[in-house]
Amino acid sequence: MQSLVAFLKGLGASRLMAMVAVTAALIGFFAFVIMRVTTPQMTTLFTDLSAEDSSSIIKDLERQAIPFEMRNEGAVIMVPKDKVTRLRMKLAEGGLPKGGGVGYEIFDKSDALGTTSFVQNINHLRALEGELSRTIRAIDRIQAARVHLVLPERPLFSREIPEPSASIVVRVRGSLEPQQIRAIRHVVASAVNGLKPQRVSIVDEGGRLLADGASSNPEGASGDERRTAFEKRMRNEVEAIVSSVVGQGRARVQLTADFDYNKVTQTSDKFDPEGRVLRSSQSREESSATAGDTGQVTVNNELPGNQTNAGVAARDQSKKSEETNNYEISRVTKTEVTEAGRVNKISVAVLVDGAYTKNEKGEMVYSDRSKEMLDRIATLVRSAIGFDQKRGDQVEVVNLRFAEAPSVPPVAEPTGLLGMFQFTKDDVMYVIELGVMMLLGLVVLFMVIRPLVKRILAAEAVPALAGGAALPALADGTAEGAPGQALIPAGGAAALIDVAQVQGQVHAQAVHRVGELAERNPNETASIVRQWLSEGAEAS
């Protein structure tokens, strides 16, 4: 302990404080490295949580003593990666997350005996709205949804039944596709009895009307969506087939379709005169005979007994025949209904870039495509769109040089051994963090600890070297003094003083110890010096 205390005193206050500061810094650094290495990797448990769900999940995690992190004001909760699957199953068992709304679980703990019909109807409406909100949130790009249903009751003594309606407010990431909006309307309409998709209104968080539930012409309202979807599908097909010929990004396609949204109902009757069929036949014959007297008509002639055949009688006979035939004529009745959304005309404009080749200098040289190539591309486009000349379709293929240079071909993904390792972003960041910490540890080890250890070892070796060299130095230039007096070295003392000035106080203390030994044991010192002198004389 005395040597340790003496060693620490010999270092001085400045060196001692430096050593303490370096030691504390090293302890803190390695403690940080160990904590970072031993800290479990955190991953996302749930995202887009409501305040109620986030509070319930945090209470459950604290009860289980599981570390967690909150981000985005509690909307995102992070837990250790090795426990995320078990936690999701455990929380799902407890009905978490609930989705920020009340579903059919509202009836699980309710007392049906003391509940009025009004409260039951309200609870049923709340449950239906909550379940629809959860279903809508399951659609891609939708972060939150709120549903309001209006289910009117039929008034007494009324023949008219009021139609139900619904309004939906959604918060989305980006924008919704037209087919997604139609899907939401049909999902809600199918879940509510008597609700039509046209009676569902959808509004986003910015107040933009995505679907109008008060439109009187639902077919016309969806006509633009049908036309847009048709144009997009045809444009993608044409661009895909042209890009496979001229190269990716080397073609631009614009397609316009003219739709007829009028609904036409046409009825026609056709009679075939050659297709006669006898339905009924009727025949009638009549015959009559008439006799006449040419005598005069007098009173005497009219008296009984006075009639005489004085005149000559005349006879008149007639015969009549009539026949009636009824025929059925064949008749064809045809009713044609032409639904709305017929394509009247399609116009396609295709712009293709030329070909690029390298010359002898390695520069890219542009060249136009041949007319034969353009005609082949036009033939492919006509086949892709179902070209109909009677309908008035138009297809134009033009070759012009694009303003931008050809795009760089995509880098091929690694295959083989590298392709087998599917690293995620979190894994890559974790490996980089460990690499940086190891590099810092090596820098501290070689730049701080190694020089410090060397200096300490050198400081411990100097006193031993000084103690062994001091005695021979006394024999170089000293004179024997009186008995009991210290022998004062001449050249050796000056050399030791120079060493003390260069090496520091440690060397000076070593020299002082040698002098103290000589003062305490003068006889032994003198005998040792005489022995060294005699050994030197014999050697010479």
Side-chain angles (χ1 to χ4, degrees), residues 139-142 172-185 204 208-211 219-262 338-359 363-413:
I139 300 176
D140 189 20
R141 299 183 185 178
I142 295 181
V172 298
R173 294 186 296 267
S175 60
L176 293 178
E177 298 292 337
Q179 58 267 23
Q180 290 178 317
I181 298 175
R182 291 196 301 271
I184 294 173
R185 301 180 75 177
D204 64 358
R208 294 187 296 270
L209 184 63
L210 303 180
E219 295 182 358
S222 61
D224 292 338
E225 299 177 0
R226 296 176 58 184
R227 180 177 58 83
T228 302
F230 176 81
E231 291 178 351
K232 183 178 180 181
R233 179 175 60 85
M234 298 298 294
R235 181 167 56 251
N236 293 337
E237 293 178 357
V238 172
E239 189 170 358
I241 194 171
V242 175
S243 298
S244 63
V245 177
V246 301
Q248 190 67 29
R250 299 287 92 197
R252 300 291 184 269
V253 178
Q254 292 295 331
L255 187 143
T256 303
D258 182 15
F259 273 71
D260 185 6
Y261 299 108
N262 297 324
T338 305
E339 296 292 338
R342 292 174 294 124
V343 179
N344 291 336
K345 180 181 178 182
I346 299 178
S347 300
V348 184
V350 181
L351 177 63
V352 296
D353 196 7
Y356 291 87
T357 57
K358 289 185 178 181
N359 56 10
E363 299 176 351
M364 300 295 293
V365 179
Y366 172 82
S367 60
D368 293 332
R369 298 188 182 274
S370 62
K371 187 177 183 305
E372 182 182 359
M373 175 65 72
L374 297 180
D375 293 339
R376 292 182 179 180
I377 294 175
T379 303
L380 291 176
V381 174
R382 292 190 183 95
S383 301
I385 66 173
F387 182 82
D388 188 359
Q389 187 174 3
K390 296 180 180 179
R391 193 171 55 187
D393 295 347
Q394 294 181 355
V395 174
E396 293 290 339
V397 180
V398 180
N399 176 212
L400 292 175
R401 183 174 183 178
F402 285 10
E404 66 273 10
S407 58
V408 180
V411 180
E413 296 183 357

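This chain uses plain numbering: 1 for the first residue, then up along the sequence.
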(message) Checking the side chain of N399 only, and the main-chain atoms of V352 only, is there a donor and an acceptor separated by less than 3.5 Å?
(response) yes

(message) Could you check whether any side-chain heavy atom of V381 comes within less than 4.5 Å of a side-chain heavy atom of F387, counting everything from C-beta outward?
(response) no

(request) Decide, yes or no, whether a salt bridge links R250 with D353 under the criterion of side-chain N to carboxylate O below 4.0 Å. (result) yes

(request) Would you please test R173 and D140 for side chain to side chain contact (heavy atoms under 4.5 Å, CB included) and show each step? (result) CA-CA 9 Å; R173 294 186 296 267; D140 189 20; 4.2 Å; yes

(request) Quick one: do L176 and D204 satisfy side chain to side chain contact (heavy atoms under 4.5 Å, CB included)? Show the steps, please. (result) CA-CA 10 Å; L176 293 178; D204 64 358; over 6 Å; no

(message) Tell me which one of V343, L380, V395 satisfies side chain to side chain contact (heavy atoms under 4.5 Å, CB included) with I385.
(response) V395

(message) If I compare all heavy atoms of F402 with all of Y356, which pair ends up nearest, and what's the gap?
(response) O-OH, 4.4 Å

Exercise answer: donor-acceptor pairs, residues 233-246 side-chain atoms, under 3.5 Å, sequence neighbours excluded:
residue: N236; atom: ND2; partner: K232; partner atom: O; Å: 3.2
residue: S243; atom: OG; partner: E239; partner atom: O; Å: 2.7
residue: S244; atom: OG; partner: I241; partner atom: O; Å: 2.6

(request) Inspect the surroundings of CD in Q179 and state if more than 12 heavy atoms from other residues, nucleotides or ligands are less than 6.0 Å away. (result) yes

(request) First locate atom CG of D375, then atom CD1 of I377, and finally report the distance between them rounded to the nearest 0.5 Å. (result) 9.5 Å

(request) Working to the nearest 0.5 Å, report the span between CD of E363 and NZ of K358. (result) 11.0 Å

(message) Within the supplied structure, the quantity of interest is the number of heavy atoms (other residues, nucleotides, ligands) at a distance under 6.0 Å from Q254 CD; does it exceed 12?
(response) no

(request) Verify side chain to side chain contact (heavy atoms under 4.5 Å, CB included) between R382 and T379, making sure each step is shown before the conclusion. (result) CA-CA 5 Å; R382 292 190 183 95; T379 303; 4.3 Å; yes

(request) Kindly compute the distance separating CZ (R391) from CZ (R342), expressed to the nearest 0.5 Å. (result) 11.5 Å

(message) Any side-chain to backbone donor/acceptor pair from R227 onto D258? Under 3.5 Å, distance only.
(response) no

(request) Determine the minimum heavy-atom distance between A257 and E231, stating which atoms define it. (result) N-OE2, 3.0 Å

(message) Measuring from atom CD1 of I346 to atom CD of Q394, what distance do you get when rounded to the nearest 0.5 angstrom?
(response) 11.5 Å

(message) Donor-acceptor pair, distance only, cut-off 3.5 Å: does the side chain of D393 make one with the backbone of D388?
(response) yes

(request) Enter the distance from F259:CZ to K345:NZ here, rounded to the nearest 0.5 Å. (result) 14.5 Å

(message) Nearest 0.5 angstrom please: R376 CZ to S370 OG, how far?
(response) 8.0 Å

